[in-house]
Amino acid sequence: MSFIFFRNSRHLRNCLVIGANVRLLGIYSDKFISSQCIVSPLSTYCEVARRLPETITRFSLKEPKISYQYSDTIHLYQDKKHGGGTIDQTATILVLDLGTTGVNSKKDQITEIAIRDLKGGPDSTFHTLVNPELPLKNHKTNQILTKSNVPRYFCLMLLKWVKSRRMDSKLVLLVAHNGHCFDFPFLVRAFEQNGNQIPNDWLLLDSLPFARQLRHPDGTKLEKGNHKLNDLVTFCNVVPEGSAHKAMADVNALCFVLQHMTFVLKLTITDLIKRSFTPSRYL
DNA sequence: TGCCAGGCCCTCTTTAGGGCCTT
């Protein structure tokens, strides 16, 4: 089997995952570039990482992936003088991050969802890939993930998990960075598509406005363009866990950034609830 | 590298434009 194509032979070669001996002939910048690669069925992450170029990582998941793991408790700022309370007393606070195929919530799809309950403990994180027919692509790490045995729907599982994390009838507060313009519209639409609805007593909170309130020690604002989650990780001296731009790693980063912001800005849980909004905003 | 969507913020100027932020 052979291919003749323009511009980028490496790209096509990297798209092949089925066992076959493949000879590639590429034309690029008026020069002929030929290469040969032997592509075998992929079994483990390590094996694939060893075979493929460093800039591309591709692997197959063999296990159904709904991951529930232990995490430590994240304590937010409490001001008892002004009515602040502990997490246990006021709300179940869940930090969220989504992976998607793009930034258009009307056209693109969710490919990954990660959530962490700040209360911590066993099974305090929820992580899964979704929509197995869609490639998971991160434009910054150039990672492509071929998914198998991945659930198409996650809403019922998420509802069940949140119910298990919820204390009594306390509020549920979902927090995401730039969630108002990105994560929350995607999440609301995903629930709609599955014939579900986000419960009315789930509140949504965008952490980006708080990031814009942060100040340097000399009182000056953070420079424009420095409110990205990665920038906040540096500003807040947070030690990131895991690789950047992966959903659960970003969730963990935002947990500590949120913690830092509540202390610096003296934001109580009550303040966070006051700044939150309901899912009906997107209906 | 820039585009994609869209709400917010900032600047310069008012009802406009550009940039940020998320994948």
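Nothing here was measured: the structure is a model prediction, and the numbers come from that model. All chains are named by letter (A, B, ...) in the order of the sequence lines, taking the proteins before the strands, and each is independently numbered beginning at 1.
Taking 4.0 angstrom as the limit, Lys224(A) places none of its side-chain polar atoms (N or O) nearer than this to OP1 or OP2 of dC20(B). Distances shorter than 4.0 Å separate none of the side-chain N or O atoms of Lys106(A) from OP1 or OP2 on dC4(B). OP1 or OP2 of dC20(B) has not a single side-chain nitrogen or oxygen of His227(A) nearer than 4.0 Å. For the pair His180(A) and dC8(B), the criterion of a side-chain N or O lying under 4.0 Å from OP1 or OP2 is met.
In this structure, Lys170(A) and Ala91(A) approach most closely via the heavy-atom pair CB-CA, 4.2 Å.
Contact annotation for Asp231(A): no contact, since no heavy-atom pair falls under 4.0 Å across all strands. At the heavy-atom level, Gly225(A) lies under 4.0 Å from the strands shown only through sugar-phosphate atoms.
For His177(A), taking side-chain heavy atoms from C-beta onward, the closest of the listed nucleotides dT22(B), dC20(B), dC10(B) is dT22(B). Side-chain proximity of Asp250(A) to dC21(B), dA5(B), dT23(B): nearest is dT23(B). Closest contact between the side chain of Thr100(A) and the listed nucleotides dT23(B), dT22(B), dA5(B) involves dT23(B).
Using atom C1' as the reference point in both dT22(B) and dC3(B), the two lie 15 Å apart (nearest Å). The C1' atoms of dG2(B) and dC8(B) are separated by 22 Å, rounded to the nearest whole Å. Spacing of C1' atoms, dT15(B) relative to dC9(B), comes out at 16 Å, to the nearest Å. For the P atoms, the distance from dT14(B) to dC21(B) is 27 Å, rounded to whole Å. Taking the P atoms as reference points, dC12(B) lies 25 Å from dG7(B), given to the whole Å. Nucleotides dC4(B) and dT23(B), compared at atom C1', are 11 Å apart to the nearest Å. dT13(B) and dG18(B): their C1' atoms are spaced 14 Å apart (whole Å).
If you take CZ of Phe186(A) and C1' of dT22(B), they are 9 Å apart, rounded to a whole angstrom.
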* To do: With side-chain contact (heavy atoms from CB on, under 4.5 Å) as the test, would you mind laying out the steps for Leu156(A) and Leu159(A) before giving the verdict?
  => CA-CA 5 Å; Leu156(A) 293 179; Leu159(A) 287 167; 4.2 Å; yes

* To do: Walk me through it: do Phe182(A) and His177(A) pass the test ring-ring contact (aromatic ring centres under 6.0 Å, His included)?
  => CA-CA 8 Å; Phe182(A) 185 76; His177(A) 196 60; over 10 Å; no

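In this structure, Trp161(A) and Phe126(A) have tilted ring planes: the angle between them lies in the 30° to 60° band.
The 5' end of DNA chain B is approached more closely, in terms of each residue's nearest nucleotide, by Cys181(A) than by the other of Asn178(A) and Cys181(A). Both Arg281(A) and Asn226(A) lie close to DNA chain B; mapped to their nearest nucleotides by heavy-atom distance, the more 5′-ward contact belongs to Arg281(A).
With rounding to the nearest 0.5 Å, the separation of CG in Leu254(A) from CD1 in Ile74(A) is 10.5 Å.
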